[in-house]
Amino acid sequence: MTDVCDIQTLIKKAEITHELTKCEIVALLTDNQYAAEFFAAADRVRREYVGDEVHLRGLIEFSNICKQNCLYCGLRRDNKKVDRYRLDIDTIIDFAGKATSYGYRTVVLQSGEDEWFDVDTMVTIIKKIKQLGLAITVSVGEKPREVYQAYREAGADRYLLRIETTDKELYEKLDPGMSWDNRVRCLQDIKELGFELGTGCLVGIPGQTIESLADDILFFKKMDADMIGVGPFIPNPDTPLAAEAGGTFDLSTKVMAMTRLLLPDINIPATTAMESLHPQGRVLALQRGANVVMPNVTEGEYRQMYLLYPGKICINDTPAHCRGCITGKIQGIGRQVSGTYGFRQKHA
Ligand code: 5AD
Ligand code: SF4
Ligand code: FES
């Protein structure tokens, strides 16, 4: 066991050098006594490297149709209880236009792995949204390199694809029919094509260990990811993992805070899943290392239908309401909403 003095030394080391060994990461993630000091260190590093501004990214969930069957996810193809939808191109562009009118500088185009949106369709959407002066993040899953390249050439700036877990065996158990090596190939292609690369992990999936979470964080560093989204696994009753325990808010924010300490200049969202577990989840996350929020700009009944997990926040709220709500929360903790695109400013 690591003693008290060691934990405080490790927090200092992480704050000053942004380097820790796997064993040191495990010691810090396991400690509960000095959690407040650990979070305060992550908050200081956040302020020093990325400042007090919070970047908002407007999230458009444009299709909940997915050919994959991830055991943890409510949108998995075997879940027959989901009402499936697919927005048409004009509706997607319309939502992006509304996002600009709410003052968002980025939209995130997210969907299940829905083959209807072939490369030409996505390129059309990306080009049209680009004309609105928005930065574009795409999050539509695993694709061949040529497809990523076409998105990039059409004007996409960023790509989100969580590794979910760096434990290959666990990944392939929870994501049947998918290959962990192919997922890493996707991340490498995305990086090489000049996107800002976003990845991340789930915390609390069955079979995951603290050691494995430490590997996740070291993997983020090795990939030189530009954005990392960490969220608790929340069991969905309509999936094979319905009876599992799920992740906790505290451990999820610890993994997030550790990510801030070791990758100090990247963008880190206060994730929706965190707020689904804790009523002040996003504000607390912003005070434990996060500097981004991704409010939903999808309108109407679609929000209720994009249910990855139960208890998802904002499913009955409008984009206008969420914009006001999140601004109030950010200002309530003495921070400001950024007016810039919020690309990563890499430190040497
Ligand atoms: N709980 C929390 N997050 C989930 N995701 C999928 N299912 C769940 C769940 N049950 C996350 C995955 C995916 C992202 C879009 O949503 O990490 O990458
Ligand atoms: Fe599909 Fe993504 Fe859900 Fe897996 S996590 S089933 S790929 S939407
Ligand atoms: Fe949607 Fe607060 S951000 S209701």
Side-chain angles (χ1 to χ4, degrees), residues 54 56-59 61-79 82 84 102 108-115 137 139-143 159-165 171 174-178 182-183 186-187 198-206 208 216 228-242 244-249 252 269-277 279-283 293-298 303 305-330 332 337:
V54 176
L56 299 183
R57 322 289 197 199
L59 176 66
E61 297 164 330
F62 66 89
S63 166
N64 69 354
I65 296 169
C66 190
K67 68 173 186 189
Q68 302 294 5
N69 217 12
C70 307
L71 298 189
Y72 43 81
C73 178
L75 303 187
R76 63 198 303 271
R77 67 167 186 267
D78 283 355
N79 185 4
V82 180
R84 304 283 172 172
Y102 296 126
V108 182
L109 298 174
Q110 188 161 76
S111 71
E113 293 202 8
D114 179 356
E115 306 261 286
T137 305
S139 180
V140 299
E142 296 185 15
K143 304 286 170 192
Y159 202 95
L160 296 183
L161 183 72
R162 287 185 178 176
I163 189 69
E164 314 293 1
T165 172
Y171 177 86
L174 297 180
D175 301 73
M178 297 175 81
N182 189 53
R183 205 153 181 96
C186 289
L187 296 177
T199 185
C201 64
L202 283 166
V203 175
I205 40 179
Q208 188 181 46
D216 294 352
I228 292 296
V230 173
F233 157 60
I234 304 175
N236 184 315
D238 301 322
T239 65
L241 302 185
E244 300 294 337
T248 65
F249 177 75
S252 312
T271 55
T272 305
M274 287 179 176
E275 187 130 329
S276 303
L277 285 191
Q280 271 85 49
R282 286 175 302 175
V283 157
V293 180
M294 296 165 63
N296 205 322
V297 296
T298 317
R303 284 186 186 211
M305 294 152 81
Y306 206 91
L307 263 204
L308 303 161
Y309 48 81
K312 191 173 167 222
I313 56 164
C314 306
I315 58 170
N316 295 310
D317 298 297
T318 62
H321 177 82
C322 289
R323 179 63 168 88
C325 165
I326 199 65
T327 304
K329 286 179 192 253
I330 291 165
V337 173

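Treat the numbers as computed from the prediction; the structure is a model and nothing was measured. Just so you know, ligand 1 is whichever comes first in the structure, and atom 1 is the first atom listed for that ligand.
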Query raised in the report: Which ligand 3 atoms are under 4.0 Å away from a heavy-atom of Cys314?
Result: 1 (Fe), 3 (S), 4 (S)
Report summary line: Taking only non-hydrogen atoms of Asp317 and a 4.0 Å limit, the atoms of ligand 3 in range are 4 (S)
Query raised in the report: Is a side-chain donor or acceptor of Thr137 paired with a backbone partner of Tyr159 at a separation under 3.5 angstrom?
Result: no
**Report entry** Ala273 contact mode with ligand 1 (heavy-atom cut-off under 4.0 Å)
**Finding:** neither
Report task. Please confirm whether Arg162 comes within less than 3.5 Å of ligand 1 when only nitrogen or oxygen atoms on both sides are compared. Result -> yes
Query raised in the report: Does Arg77 use its side chain to pair, donor to acceptor, with the backbone of Lys67 at less than 3.5 Å?
Result: yes
Report task. Tell me, please: is Pro232 in heavy-atom contact with ligand 1, that is, under 4.0 Å? Result -> yes
Report task. Would you mind finding which of Ile234, Ile205, Leu307, Asn236 brings a heavy atom closest to atom 10 (N) of ligand 1? Result -> Ile234
Query raised in the report: Counting only N and O atoms by type, is there a donor-acceptor contact under 3.5 Å from the side chain of Thr271 to the main-chain atoms of Val230?
Result: yes
Query raised in the report: Counting N and O atoms only, with roles assigned by atom type, does the side chain of Asn69 sit under 3.5 Å from a partner on the main chain of Asp78, one being a donor and the other an acceptor?
Result: yes
Report summary line: Of all protein heavy atoms, the one nearest atom 3 (S) of ligand 3 is Arg282 NH2, 3.3 Å
Query raised in the report: When you measure from the side chain of Ser252 to the backbone N and O of Val203, does any donor-acceptor pair fall under 3.5 Å?
Result: no
Requested in this report: Looking only at protein heavy atoms, identify the closest one to atom 16 (O) of ligand 1 and say how far it is in Å.
Outcome: Leu308 CD1, 3.6 Å
Query raised in the report: With a cut-off of 2.8 Å, does any N, O or S atom of Cys70 fall short of it relative to atom 3 (Fe) of ligand 2?
Result: no
Query raised in the report: Which residue, Leu174, Ile205, Leu202, forms the side-chain contact (heavy atoms from CB on, under 4.5 Å) with Glu164?
Result: Leu202
**Report entry** Min heavy-atom dist Arg323 to ligand 3 below 4.0 Å
**Finding:** no
Query raised in the report: Going by heavy atoms in the side chains, are Pro310 and Asn236 under 4.5 Å from each other?
Result: yes
Query raised in the report: Where does Arg303 meet ligand 3, judged by heavy-atom distances below 4.0 Å: at the side chain, the backbone, both, or neither?
Result: neither
Query raised in the report: Got a donor-acceptor contact below 3.5 angstrom from the Asn79 side chain to the Thr239 backbone?
Result: no
Query - Donor-acceptor contact below 3.5 Å, side chain Glu113 vs main chain Glu142 - result: yes
Query raised in the report: Do the side chain of Arg303 and the main chain of Asn316 share a donor and acceptor less than 3.5 angstrom apart?
Result: no
Report summary line: Heavy-atom proximity to atom 12 (C) of ligand 1, picking from Arg76, Glu164, Glu61, points to Glu164
Query raised in the report: Is atom 7 (S) of ligand 2 less than 4.0 angstrom from some protein heavy atom?
Result: yes
Query raised in the report: Checking Arg183 side chain against Arg162 main chain: does a donor-acceptor pair fall under 3.5 Å?
Result: yes
Query raised in the report: Is any N, O or S atom of His321 under 2.8 Å away from atom 1 (Fe) of ligand 3?
Result: no
Report summary line: Counting from 1 in the order shown, the ligand 1 atoms closer than 4.0 Å to a non-hydrogen atom of Leu202 are 2 (C), 3 (N), 4 (C), 17 (O)
Query - Cys325: numbered ligand 3 atoms lying under 4.0 Å from its heavy atoms - result: 2 (Fe), 3 (S), 4 (S)
Query raised in the report: For ligand 2, which atoms, with element, lie under 4.0 Å from some heavy atom of Cys66?
Result: 1 (Fe), 6 (S), 7 (S), 8 (S)
Requested in this report: Would you mind checking which non-hydrogen protein atom is closest to atom 3 (Fe) of ligand 2, with the distance to 0.1 Å?
Outcome: Cys73 SG, 2.3 Å
Query raised in the report: Would you find a donor on one side and an acceptor on the other, under 3.5 Å apart, between the side chain of Asn64 and the backbone of Met305?
Result: yes
Query raised in the report: Below 2.8 Å, any N, O or S contact between Cys322 and atom 1 (Fe) of ligand 3?
Result: yes
Report summary line: So the atoms of ligand 2 within less than 4.0 Å of a heavy atom of Arg76 turn out to be 6 (S)
Query raised in the report: Has ligand 1 got any nitrogen or oxygen that is less than 3.5 angstrom from a nitrogen or oxygen of Tyr72?
Result: yes
Report task. Would you give the length of the straight line joining atom SG of Cys201 to atom OH of Tyr171, rounded to the nearest 0.5 angstrom? Result -> 13.5 Å
